[in-house]
There are 2 protein chains.
Amino acid sequence: MMQVPLAVGSLMEHAERFFPKKEVISQTHDKLHRLRYGEIGQRTRRLMSILNELGIQHGDRVGTLAWNHHRHLEIYFAAPGMGAVLHTINIRLSPEDIIYIINHAEDKILFIDEDILPLIEHIHTHLKTVEAYVVMTDKADLPETTIKPLYSYEELLSTGDPTYHFKTDMDENDAAGLCYTSATTGKPKGVVYSHRAIVLHSLALGLADTAAISESDVSMPVVPQFHVNAWGTPFACTWFGTTQVLPGPRFTPKRLAEFIERFKVTITAGVPTIWLGLLRELEQGSYDTSSLRAVLCGGSAAPLGLIKAFEEKHNIPFYHAYGATETTPLVTLSRLKSYQQNLSKDEKLKERARQGILVPGLQMKVVGDDGEVEWNGKEMGELLLRGPWIASEYYKDNRSADTFKDGWFHTGDVVTVDEEGTIKIVDRTKDLIKSGGEWISSVEIENAIMAHDAVFEASVVAISDDKWQERPIACVVLHEGMEEKLTKEDLLEFLKPQFPKWWLPDDVLFITEIPKSSVGKFLKRELREQIKSQLSTQG
Amino acid sequence: MMQVPLAVGSLMEHAERFFPKKEVISQTHDKLHRLRYGEIGQRTRRLMSILNELGIQHGDRVGTLAWNHHRHLEIYFAAPGMGAVLHTINIRLSPEDIIYIINHAEDKILFIDEDILPLIEHIHTHLKTVEAYVVMTDKADLPETTIKPLYSYEELLSTGDPTYHFKTDMDENDAAGLCYTSATTGKPKGVVYSHRAIVLHSLALGLADTAAISESDVSMPVVPQFHVNAWGTPFACTWFGTTQVLPGPRFTPKRLAEFIERFKVTITAGVPTIWLGLLRELEQGSYDTSSLRAVLCGGSAAPLGLIKAFEEKHNIPFYHAYGATETTPLVTLSRLKSYQQNLSKDEKLKERARQGILVPGLQMKVVGDDGEVEWNGKEMGELLLRGPWIASEYYKDNRSADTFKDGWFHTGDVVTVDEEGTIKIVDRTKDLIKSGGEWISSVEIENAIMAHDAVFEASVVAISDDKWQERPIACVVLHEGMEEKLTKEDLLEFLKPQFPKWWLPDDVLFITEIPKSSVGKFLKRELREQIKSQLSTQG
């Protein structure tokens with residue numbers, strides 16, 4: 001067989017040749033753009049020639065601090081398309097972390113949205129390797145700044161070469177992308193995506209039994225392009241000629257709902273927090289969401305109530321997925337097997353609330369204290385992963401050895417696996433609660449609490465206990481107007497039939513908000529600190 | 001990212017773990033078997049251990065002369081699964097060709113169906129490298145023979161090790177399969193499939209926009225397992241947990257129709273001849289074919305009338321595909337783009353009768369006398385292909401250089417490409433008719449003739465002409481009962497409005513059968529010989 005490398009640039013070439021008329025609809029700070037893949041391809045080629053002129057060489061890192069829009073999409077292909085590395089930076093991190101990341105990655109050029117410019121003005125003197133800044137606007141919109149050298153994206157593009165060639169003859173194991181993930185302790189850790197990984201992962205996203213991304217879809221990624229490449233959807237959607245709707249900077253649930261109706265979005269992806277927000281919007285407004293065939297939800301476990309609300313109230317198919325920055329990210333997706341279609345409505349929903357089965361192409365192993373656990377839906381163990389789109393290390397980071405051992409990625413997620421091979425995340429290894437020598441899953445109690453109609457969100461954390469070692473405490477945010485209508489006793493009564501007695505939280509604290517990370521995950525460490533002070537005040 | 005090779009064995013491992021309850025339904029000479037992937041996996045492991053015991057080593061060729069059934073499926077995974085090479089041999093070739101192929105491939109062991117045994121008895125003294133023969137039956141059914149050493153498949157399996165491990169750490173470019181293709185001149189030519197090619201091709205078959213093979217499908221490959229691995233469907237279907245229906249030896253259209261109804265087949269694949277036969281059966285009998293969501297047709301161009309009959313008379317979606325032994329084989333598939341759904345019924349049908357657009361992962365180029373042709377649906381050129389599941393050479397064959405040039409596989413197929421990138425095969429380079437310095441597509445005239453209700457099949461070939469260099473002659477087989485109801489003049493009158501005058505055949509010969517190759521393709525070379533003698537007799 002021919003030795004043809006899997007190359008990210010060839011995905012855009014395919015779109016240009018076979019789907020030149022299909023559209024990318026993109027919201028930027030000033031307006032809505034509609035471009036065809038024919039144009040996007042040419043603009044990407046112009047951008048590659050500009051990167052080349054600016055001295056970017058094979059393997060150099062090209063940083064982006066940007067929202068979801070077409071210019072960001074163009075860099076997605078231009079950087080790896082000319083041999084460089086696309087480095088998407090999470091704009092929600094602290095300035096210190098952003099400085100660390102840019103210096104650690106040794107970014108040579110930064111592409112930034114104009115609303116990010118104040119941040120960069122604040123930190124740019126600390127950036128050691130950046131040689132040029134590009135603001136992703138027209139020249140006319142270029143804000144005044146002292147940063148130098150600084151270019152307008154559109155002005156640069158106007159001088160680019162629309163016939164510049166994609167580089168598709170590199171080693172497919174060469175770096176194409178880079179993304180940093182927050183660490184529980186210490187600075188963020190970088191994950192390098194190879195061309196091979198991105199192309200294989202794109203194929204995985206197109207499989208009929210996973211996300212089934214198709215030319216006939218209209219995809220709106222709500223998950224940011226700076227978070228694991230918007231879960232790889234821009235790569236797959238471009239390759240397959242899918243219409244893309246990129247919702248731009250600082251979108252609201254209202255904009256999302258409007259875009260779904262207006263552009264007949266068929267598939268969208270994001271974290272539970274986003275879908276909770278959209279759900280509120282759908283319940284307040286009146287939107288036609290009948291085009292939606294799939295809402296993909298990942299990042300953290302979706303409460304059963306959320307799935308139920310989408311599926312039963314709004315008739316929107318809701319798919320639970322699981323992955324991580326280290327896994328490109330798709331690992332599992334909750335789709336029923338054909339013979340599971342015979343289950344009762346409740347059983348189906350329960351099955352769908354799990355994280356699903358492994359995507360073809362990966363290998364998994366669930367390891368407890370005594371080796372691999374049985375697939376009986378009960379035994380808990382840490383999920384270990386292996387495969388061509390699973391990281392083998394953190395980028396230049398000596399913490400790699402803690403996570404990548406014996407050829408496996410140790411996810412830190414505790415799961416059960418049932419007879420069907422369906423995994424269910426029960427906790428993070430570090431969030432499991434050990435009470436009297438037995439494990440309690442904080443996530444299972446959270447999900448049960450969140451299934452209560454009055455509850456908006458909930459988090460369960462461990463506090464240390466002299467007798468039992470650790471005990472669970474529930475922190476609960478109620479829906480607006482529900483305050484004082486649900487008592488601690490009511491809630492414990494509600495939980496009682498669902499769990500062994502010793503799983504029930506020792507206390508329930510009603511709070512106004514659960515602290516979240518930049519990507520919407522519960523920050524249990526912060527919550528534990530908060531509780532400690534609250535409990536000691538009470539005490 | 002991890003360096004994990006794409007390995008054929010891991011596909012069966014995935015099926016064993018995630019789809020152990022799903023079934024393979026298999027017809028053998030004596031009965032219908034129903035096995036689950038759990039069992040198929042264990043039997044494959046037993047078989048690997050047996051191959052190992054019989055001395056098969058990494059890279060050794062394991063030959064099969066067998067129909068579509070579960071034992072053949074097990075060897076599909078056992079041979080590459082233990083590091084050897086699955087060599088499927090076309091049982092319809094001449095004994096001379098089969099001897100050549102086995103000796104050229106240096107097969108070390110042969111797995112044969114019991115009805116093939118007489119052939120092997122006839123030729124086995126000529127086989128230079130075969131050390132063992134396995135007849136794919138129970139011991140009780142083992143026919144008497146003088147061939148030695150000869151084993152019963154089931155007896156061997158009973159002593160195998162069901163815990164034997166799949167080898168998944170080889171170089172993914174290592175050979176996993178081997179298949180010979182007939183050559184126009186000379187002996188058959190071998191194509192080696194790597195693990196990488198088979199795994200990537202399987203992903204391509206699972207894409208929502210290609211065959212979309214899914215766990216929820218019931219797949220019945222009618223294309224033989226000895227013909228380009230039944231178009232790769234056994235690999236993809238096993239991986240994705242698809243129910244497989246393998247129709248066994250010497251099936252009839254009646255058996256196919258019955259199996260479709262009985263097992264609720266959703267997807268099936270084969271050459272036009274098969275579908276012409278099935279169509280007749282569907283029109284004679286009364287079958288429920290409502291489960292079918294896709295009939296894939298490849299190998300040679302399907303006449304418009306065939307597509308129309310399936311889609312309009314029987315409401316069965318019919319997909320035209322294109323590929324070759326050298327291409328693993330999927331290259332294009334005719335699926336309408338979303339915006340083409342607005343075309344009229346006739347325009348849609350016309351579009352669907354083309355071979356479709358390129359599958360993601362491959363590259364194509366269409367080259368005429370003056371370089372790459374324009375994509376305007378008119379200019380003709382030879383189709384050139386490149387990609388990770390396209391062959392780079394014939395196995396140990398000095399004819400390779402004629403076909404593999406400058407990094408491209410020269411298909412020998414002449415195509416046009418329209419603005420959508422949809423290819424249409426207009427001819428084989430060697431079957432194009434050159435009349436008065438202009439090209440005439442024999443395939444286009446054939447399709448037009450076959451659209452006539454009275455016509456069963458038709459082939460158009462060139463005869464040499466003093467004045468025009470070459471002129472087309474049509475050879476036509478009429479439907480039963482239609483003989484003498486359609487004259488040469490009627491047919492030419494029917495064609496007249498559809499073509500330029502100089503494209504019209506100089507003569508129409510009514511014949512009883514068109515000579516076909518072992519895989520159902522028209523043998524135009526033989527037909528030309530036949531005509532020559534017929535015309536000279538007439539003259």
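Lettering follows sequence order; numbering is per chain, from 1.
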>> Please find the pair of heavy atoms, one from B:W389 and one from A:M1, that lie closest to each other, and give the distance.
In response: C-SD, 3.5 Å
> After noting the C-alpha distance and the side-chain angles of A:E420 and B:K21, does the key distance pass the side-chain contact (heavy atoms from CB on, under 4.5 Å) rule?
Replying inline: CA-CA 9 Å; A:E420 297 295 340; B:K21 299 177 195 166; 2.6 Å; yes
> From A:Q363 CD over to B:H14 NE2, what is the distance, rounded to the nearest 0.5 angstrom?
Replying inline: 10.5 Å
> For the atom pair CE (A:M2) and CZ (B:F404), what is the distance rounded to the nearest 0.5 Å?
Replying inline: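 The CE atom of A:M2 sits 6.5 Å away from the CZ atom of B:F404.
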> Which residue out of B:T243, B:L336, B:L6 racks up the most heavy-atom pairs below 4.5 Å with chain A?
Replying inline: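 The answer is B:L6.
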>> Checking A:W375 now: which residues fulfil ring-ring contact (aromatic ring centres under 6.0 Å, His included) with it, not counting sequence neighbours?
In response: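 In terms of ring-ring contact (aromatic ring centres under 6.0 Å, His included), with neighbours along the sequence ignored, A:W375 is linked to B:F18.
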>> I want to check something: taking the side chain as every heavy atom from C-beta on, are A:P20 and B:E419 in contact at a cut-off of under 4.5 Å?
In response: no
>> A side-chain contact here means heavy atoms from C-beta on lying under 4.5 Å apart; do A:W239 and B:L207 qualify?
In response: no
Identify which part of [X] has an atom lying under 4.5 Å from any heavy atom of chain B, answering side chain, backbone, both or neither.
| X | answer |
| --- | --- |
| A:Q341 | neither |
| A:Q3 | side chain |
| A:E172 | side chain |

Atom group of [X] that falls short of 4.5 Å from chain A, counting heavy atoms:
| X | result |
| --- | --- |
| B:E13 | neither |
| B:L11 | neither |
| B:V417 | neither |

> Can you name the residues of residues 193-203 of chain B that have some heavy atom under 4.5 Å away from a heavy atom in chain A?
Replying inline: B:Y193, B:S194, B:R196, B:A197, B:L200, B:L203
>> Please output the residues of residues 209-217 of chain A in contact with chain B, using a heavy-atom cutoff of under 4.5 Å, in numerical order.
In response: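 A:D209, A:A212, A:I213, A:S214, A:E215, A:S216, listed by number.
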Output the option from [options] having the highest count of non-hydrogen pairs under 4.5 Å with chain B.
| options | answer |
| --- | --- |
| A:L205, A:L362, A:T327, A:L358 | A:L358 |
| A:M364, A:E326, A:E393 | A:M364 |
| A:P5, A:G407, A:P388 | A:P388 |

> A:V4 and B:R386: side-chain contact (heavy atoms from CB on, under 4.5 Å), yes or no, with the steps?
Replying inline: CA-CA 8 Å; A:V4 179; B:R386 207 174 114 80; 3.9 Å; yes
>> According to side chain to side chain donor-acceptor pair (under 3.5 Å), who are the partners of B:R36, at least two apart in sequence or on a separate chain?
In response: none
> Does a sphere of radius 6.0 Å around NZ in B:K264 hold more than 12 heavy atoms from other residues, nucleotides or ligands, not counting ones at 6.0 Å or beyond?
Replying inline: no
